[in-house]
Amino acid sequence: KGKYIVRYFTRTGYTDEEHIWLCSNGSFQRRGAAGGFGGGTSGAFQSDSTGRWTATGAGEHGTLTLRYGNGQVGEYQLRWDFQNSHLYVDGKRWYHDKNEVCD
């Protein structure tokens with residue numbers, strides 16, 4: 001609840017970003033951006049989504065479910081590496097930070 005997670009990655013010279021704000025009231029905001037060469041995104045592509053989220057699990061494993069406003073549902077496998085405080089979503093490293101968008 002009240003968390004912000006983000007992933008930065010490159011593919012074929014492009015830098016992509018995925019941001020998810022998980023609000024305490026059960027809503028979420030997701031933003032994806034792609035574009036640019038080298039560092040940062042140019043905003044050549046941007047997508048925004050909102051909806052409701054739930055998470056289940058205990059210990060280091062869990063599932064994040066995002067129910068988008070358009071009716072689509074995404075399920076993502078979570079793994080928390082307690083030793084290094086790293087978050088993995090579907091096997092890919094995501095960073096976590098303070099949520100500045102919603103509680």
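All heavy atoms count here, side chains included; hydrogens, waters and symmetry mates do not.
In this structure, CZ in Arg67 is found 12.5 Å from CH2 in Trp53, a value given to the nearest 0.5 Å. The distance from atom CH2 of Trp94 to atom NE2 of His19, rounded to the nearest 0.5 Å, is 9.0 Å. For the atom pair NE2 (His96) and CZ (Arg7), the distance works out to 15.5 Å, reported to the nearest 0.5 Å. Note that CG of Leu66 is 12.0 Å distant from CZ of Arg52, once rounded to the nearest 0.5 Å. In this structure, CG on Asp90 lies 6.5 Å from NZ on Lys92, to the nearest 0.5 angstrom. The distance from atom CD1 of Ile20 to atom NZ of Lys3, rounded to the nearest 0.5 Å, is 14.5 Å.
Residue pairs meeting the disulfide bond (SG atoms under 2.5 Å apart) criterion with at least one partner in residues 48-103, sequence neighbours excluded, are Cys23-Cys102. Contacts classified as disulfide bond (SG atoms under 2.5 Å apart) and involving residues 67-98 (residues at least two apart or in different chains) are not found. The stretch residues 63-96 participates, sequence neighbours left out, in no disulfide bond (SG atoms under 2.5 Å apart) pair at all.
Residues satisfying the side-chain hydrogen bond (donor to acceptor under 3.5 Å, both in side chains) test with Thr50, not counting sequence neighbours, are none. Asn25 is linked by a side-chain hydrogen bond (donor to acceptor under 3.5 Å, both in side chains) to Ser27, counting only residues two or more places apart in sequence or in another chain. By the side-chain contact (heavy atoms from CB on, under 4.5 Å) test, Val101 is found to be paired with Trp21, Gln29, Asn99, residues two or more places apart in sequence or in another chain being considered. Residues forming a side-chain hydrogen bond (donor to acceptor under 3.5 Å, both in side chains) with His86 (at least two apart in sequence, or on another chain): Arg93.
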Inset, instruction - Determine, step by step, whether Asp97 and Val6 satisfy the side chain to side chain contact (heavy atoms under 4.5 Å, CB included) criterion, reporting the C-alpha distance in whole Å, the side-chain angles of both residues, the deciding distance to 0.1 Å, and the verdict. - result: CA-CA 8 Å; Asp97 202 354; Val6 61; 6.0 Å; no
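In this structure the side chain of Ile5 reaches within 4.5 angstrom of the side chain of Leu87, judged on heavy atoms.
Considering every non-hydrogen atom in both Ser24 and Gly2, the closest pair reads OG-N, 3.5 Å.
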Side chains of residues 74-84: which donor-acceptor pairs under 3.5 Å do they make with residues two or more places apart or in other chains?
from, atom 1, to, atom 2, distance (Å)
Tyr76, OH, Arg30, NH1, 3.2
Tyr76, OH, Tyr68, OH, 3.3
Gln77, OE1, Thr63, OG1, 3.4
Asp81, OD1, Gln83, N, 3.1
Asp81, OD1, Asn84, N, 3.2
Asp81, OD2, Asn84, ND2, 2.9

